[in-house]
Amino acid sequence: MKTKLLAAFLGLGVLAFVGIFIWGAVRPLDPVQSPGSADAPTASTSEALSDGRIDVQIYVLGNRNIRLEVEFIPEADVSGAAAMQPDVNFAMVDMHMDGFTPPLERVGAGMWRANLKLPMAGRWIANVGFGEEFAEVEFDAP
């Protein structure tokens, strides 16, 4: 009886120990509190468009988590341009497959943010802009 009880407690302890390691490997990371997040962007670009300037910053947060920040500064004589949401597309470099478009969150006048998890590690390119005019930025996602 004592050996069965001891074996059951030992089995529960091993199961809990293994469960902690499995949970640590598969749990989703909060991109804001990710250990790889930094104050400086991993990649950024600024592109002059016909209606103004678009600034794009990519923050690689680790575990394929990315934060995209976009700011559009319209020309002084253009009205309503800051209210238009830009088109965003992420695609792998040198891959012949469709990219994907993350949902953008408006964080201010002419400012948007997106938090996303890339489907695979590698070299990525982000296109951000309006119609035929866009900014392009490449980055590595480990």
Side-chain angles (χ1 to χ4, degrees), residues 3-142:
T3 57
K4 288 183 181 180
L5 190 58
L6 181 62
F9 279 127
L10 186 60
L12 286 174
V14 169
L15 183 64
F17 185 76
V18 170
I20 289 171
F21 281 104
I22 290 173
W23 175 248
V26 298
R27 71 180 166 94
L29 288 177
D30 182 5
V32 174
Q33 297 177 352
S34 169
S37 64
D39 292 334
T42 304
S44 63
T45 189
S46 183
E47 190 75 31
L49 306 178
S50 62
D51 292 343
R53 188 181 83 231
I54 193 163
D55 297 328
V56 180
Q57 296 179 336
I58 304 278
Y59 297 84
V60 176
L61 305 173
N63 197 25
R64 300 186 332 261
N65 288 306
I66 303 297
R67 185 175 74 230
L68 167 73
E69 293 185 359
V70 178
E71 182 176 8
F72 179 67
I73 301 140
E75 295 288 330
D77 59 345
V78 178
S79 63
M84 292 178 25
Q85 181 171 317
D87 299 320
V88 176
N89 185 38
F90 281 85
M92 287 196 79
V93 174
D94 297 331
M95 296 293 275
H96 301 289
M97 56 193 235
D98 292 335
F100 67 95
T101 302
L104 291 177
E105 171 190 2
R106 188 179 177 109
V107 293
M111 298 171 60
W112 296 269
R113 179 179 299 145
N115 290 311
L116 60 134
K117 184 165 186 151
L118 297 172
M120 59 192 315
R123 187 86 176 149
W124 285 84
I125 188 165
N127 292 312
V128 182
F130 304 97
E132 297 296 318
E133 296 183 305
F134 57 89
E136 200 172 79
V137 61
E138 287 189 28
F139 62 95
D140 288 316

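Since the structure is predicted, the reported quantities are computational estimates derived from the model, not experimental observations. We use all heavy atoms of the structure for the numbers below, so side chains are in, but hydrogens, waters and symmetry mates are not. One-based numbering along the sequence shown.
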Any heavy-atom pair between the side chains of [Y] and [X] that's under 4.5 Å?
{"X": "I58", "Y": "F139", "answer": "yes"}
{"X": "P74", "Y": "D51", "answer": "no"}
{"X": "R53", "Y": "F72", "answer": "no"}

Calculate, to the nearest 0.5 Å, the distance between atoms CD and CH2 belonging to Q85 and W112 respectively.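 Q85 CD to W112 CH2: 7.0 Å, rounded to 0.5 Å.
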Non-hydrogen atoms of [X] and [Y] that approach each other most closely:
{"X": "F134", "Y": "L49", "result": "N-CD2, 4.0 Å"}
{"X": "P119", "Y": "W124", "result": "CD-CH2, 3.7 Å"}
{"X": "A135", "Y": "V56", "result": "CB-CG2, 4.1 Å"}
{"X": "I54", "Y": "G129", "result": "CD1-CA, 4.2 Å"}
{"X": "P142", "Y": "A121", "result": "C-CB, 3.6 Å"}
{"X": "V137", "Y": "A43", "result": "CG2-CB, 3.6 Å"}

Can V128 and N89 be said to form a side-chain contact (heavy atoms from CB on, under 4.5 Å), step by step? CA-CA 7 Å; V128 182; N89 185 38; over 6 Å; no
Output every pair passing side chain to side chain donor-acceptor pair (under 3.5 Å) with a member in residues 130-142, not counting sequence neighbours, ordered by first then second residue.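 As it turns out, the side chain to side chain donor-acceptor pair (under 3.5 Å) pairs with a partner in residues 130-142, which skip direct neighbours, are S50-E133, R123-E138, R123-D140.
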Taking it one step at a time, do L61 and R67 satisfy side-chain contact (heavy atoms from CB on, under 4.5 Å)? CA-CA 7 Å; L61 305 173; R67 185 175 74 230; 4.1 Å; yes
Judged by atom type as modelled, is there a donor-acceptor pair below 3.5 Å linking the side chain of R64 to the main-chain atoms of L118?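 Checked: pair present.
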Give me the ring orientation class for F90 and F100: parallel if the planes are under 30° apart, tilted from 30 to 60°, perpendicular past 60°.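 Plane angle under 30°, so parallel.
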Is it true that R113 and E69 make a salt bridge, defined as a side-chain N closer than 4.0 Å to a carboxylate O?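 The answer is yes: the pair qualifies as a salt bridge.
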Assess whether side-chain contact (heavy atoms from CB on, under 4.5 Å) is satisfied between N127 and V88, documenting all intermediate values. CA-CA 6 Å; N127 292 312; V88 176; over 6 Å; no
Before you tell me yes or no, could you show the steps for I73 and D55 under side-chain contact (heavy atoms from CB on, under 4.5 Å), namely the whole-Å CA-CA distance, both residues' side-chain angles and the distance that decides it to 0.1 Å? CA-CA 8 Å; I73 301 140; D55 297 328; 3.6 Å; yes
